[in-house]
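Everything below concerns the one structure shown next.
Chain identifiers are assigned alphabetically (A, B, ...) following the order of the sequence lines, protein sequences preceding nucleic acid strands; residue numbering begins at 1 within each chain. None of the values given here were measured: they were computed from a predicted structure.
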Amino acid sequence: MSVDDNLSLAERGRASHRCELALLALMSVVLFALFFVSLFVGPVSIDLFSSEWTLFGGSSSVAAVILQEIRLPRTILAIFIGATLGISGAALQGLLRNPLAEAGVIGISGSASLGAVIAFYSGAAAIFPLALPIGGITGAMLAVIFLYLLAGRESSILTLILAGIAVTSLSGALTALALNLSPNPYAATEIFFWLMGSLADRSFEHVQIAVPLMVIGVFSLISCRRGLDALALGEDTARSLGVNLNRLTLRIIVGVALSVGAAVSVAGGIGFVGLVVPHLLRPFVGHQPGKLLLASALGGALLLLVADIAVRLLSTGQELKLGVLTSLIGAPFFLYLVLKTRRQLL
Amino acid sequence: MEATDQLAWSVAFQLASSDRINLSPHIIVLMRWFILYFVFILLPELALAAKPQRVVSLNLCADQLLLQLSEPESIVSLTNLSVDPELSYLAKEAAEYPVNSGSAEEILKMNPDLVLAGSFTARPAVSYLKKKEFRVVELSIPESMKAMREQYLKVADLLGEREKAERQLREMDRRIAQAKSSGDENLVAAVYYANGFTAGKKSITTEVLNHAGFENLSEKSGVDSFGFYPLEKLIEAEPDLLILGSYNKDRHSLAQKLLDHPALKRFWGESDRGQARVIIPDALWICATPVIAEAVEILAQKRKEIVSRR
């Protein structure tokens with residue numbers, strides 16, 4: 001390697017670093033702006049300038065109640081859930097070194113739904129509110145462990161996807177069964193929420209039970225960034241760089257289960273965010289899995305918040321499920337990725 | 001069955017009495033026998049059939065009508081919802097009867113002489129039973145007290161219980177007239193059911209509210225008979241009375257969890273701003289029968305409370 005090459009590599013590194021920082025800054029600014037946009041989109045129009053002050057006050061005007069009890073929790077959930085879905089997609093793709101890995105595609109969301117459904121309809125969540133996210137997290141954890149044992153780090157792309165289809169089908173069937181066994185006549189129709197996901201009429205109760213767990217999950221995943229960067233060079237290289245692969249794997253499994261499990265338990269299984277976002281952002285962070293984590297969290301939050309605003313703008317009657325919109329974007333994207341990686345698949 | 005019998009009867013009669021057509025004496029004799037058969041055997045049977053002996057219900061509201069109108073011994077089976085106290089006002093009475101889940105197979109085995117069905121429920125069974133020439137009567141969802149009365153009397157006629165029905169309707173009128181309040185404060189009430197649904201202007205619910213002295217919030221909105229009403233819109237409208245569907249704490253659904261939303265507690269909760277909330281069990285007015293008088297009484301009482309507090 002000549003000196004020139006080294007120089008240009010270093011320059012390229014700096015350039016990519018600048019590019020990454022600019023991207024993060026831009027996304028943060030847009031996210032901040034969208035946070036306010038989201039507060040003012042809904043069936044009731046609220047005057048932006050007169051009601052801004054009622055966001056945290058104890059006033060009980062109509063605008064204050066709508067902002068504080070309905071739109072603020074909804075916006076907070078969209079941001080945190082989007083972030084967890086984005087970052088968990090990036091982490092799974094890094095760990096499994098599989099471009100198609102995503103919580104929804106490989107069945108983690110479906111399994112989390114099943115856990116949450118059992119916790120909710122059995123009445124456990126009514127007695128002990130944390131039972132809801134715990135149910136979701138348990139479901140997600142079982143799915144990740146099962147998939148990891150089955151497909152592992154070095155398996156083919158196809159094995160993982162097929163195992164994911166099996167997990168999704170099984171958990172979907174069990175979810176339908178659990179809902180049908182419920183004595184409540186409304187329960188059976190609610191499978192749509194658990195499969196597609198929605199943020200309609202969520203409240204601060206949901207923020208309280210899910211967001212702290214999602215934050216722990218996200219931090220657990222961000223702490224893996226060096227390990228993931230090293231793993232991108234191959235397992236042997238990673239080990240020689242001093243990465244404890246078992247601990248890395250465990251941290252990612254726990255992080256994904258916590259964040260996806262808690263997210264699904266309050267908003268249902270919103271698909272494809274973790275697939276689309278990391279792929280769009282990867283070129284901007286120099287294809288480094290570690291750097292991709294934070295970017296994907298921001299990107300996921302951005303995508304889900306935009307989608308949630310769009311759902312509110314598009315719906316006239318009962319709201320369109322949020323997952324319908326993300327799947328409309330995500331499923332064709334998934335197909336595109338399949339075609340792109342076809343050579344590897346065959 | 002009935003129609004074909006009647007047709008045969010009239011044809012036979014015309015043929016037998018006609019002297020323009022030359023009929024051989026044998027045929028005339030045969031015809032007479034037929035006529036005798038019709039008059040003395042088939043007709044009494046038809047007359048008996050007018051009061052059905054084996055009635056099956058395929059609809060929750062048909063259950064309620066049957067339980068209130070029919071002789072207990074002619075009810076063969078009610079729907080499985082009829083025993084659910086949350087939905088069925090007469091759940092205790094319904095517990096005496098076998099329940100069906102609305103499948104054609106079950107009903108066929110019961111060999112009913114009258115099937116009461118709703119216009120939206122158990123559709124495959126209804127069309128199959130009709131094809132098999134069972135007597136199926138479909139009930140509509142009455143959109144007014146007038147329509148409710150008409151349907152109630154129609155079913156009573158089918159069951160041969162007109163007097164009973166008229167008595168019950170008079171009792172209902174009496175209770176409603178007694179409950180009616182005379183204040184002229186213009187109060188608005190909103191009904192909020194599971195999943196954020198509300199009853200619109202073309203519904204018996206609106207009439208019940210009017211009788212109790214309230215205007216229905218959704219009379220002004222786009223909701224026609226029964227439709228979705230966003231939570232935010234409900235809060236914006238600040239109705240004086242918020243009427244929630246019943247919510248059973250032991251049977252969980254996201255649909256009913258909405259009625260527990262913290263936003264609803266801010267206005268109609270503990271902090272008193274002159275607004276009230278009341279839970280009216282779905283069973284009381286999910287079906288249009290004379291028991292809705294009880295809903296009028298509860299609401300009229302609530303109105304007095306609100307007015308006295310102001």
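Contact tally against chain B (heavy-atom pairs below 4.5 Å) for A:Ser182, A:Ala187, A:Pro183: the top residue is A:Pro183.
Side-chain contact, B:Thr289 with B:Gln68: a donor N or O sits under 3.5 Å from an acceptor N or O. Checked by atom type, the side-chain pair B:Gln64/B:Ser88 shows a donor-acceptor distance below 3.5 Å.
When heavy atoms are compared at a cutoff of 4.5 Å, B:Leu258 approaches chain A solely by way of its side chain, counted from C-beta outward. Residue contact with chain A, scored on non-hydrogen atoms closer than 4.5 Å, involves the side chain of B:Phe197 exclusively.
A heavy-atom distance below 4.5 Å is found between the side chains of A:Val207 and A:Leu77. Side-chain atoms of A:Ile81 and A:Leu199, non-hydrogen and from C-beta on, do get closer than 4.5 Å to each other.
Listed by sequence position, the residues of residues 260-271 of chain A in contact with chain B number zero, using a 4.5 angstrom heavy-atom cutoff.
For B:Lys92, the NZ atom sits in a loose shell: 12 or fewer heavy atoms of surrounding residues, nucleotides or ligands are nearer than 6.0 Å.
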Could you please spell out the steps behind the side-chain contact (heavy atoms from CB on, under 4.5 Å) verdict for A:Leu34 and A:Leu302? CA-CA 8 Å; A:Leu34 281 176; A:Leu302 209 56; 3.8 Å; yes

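The side-chain hydrogen bond (donor to acceptor under 3.5 Å, both in side chains) test with B:Ser57 singles out one residue from B:Thr79, B:Asp63, B:Asn100, and that residue is B:Asp63.
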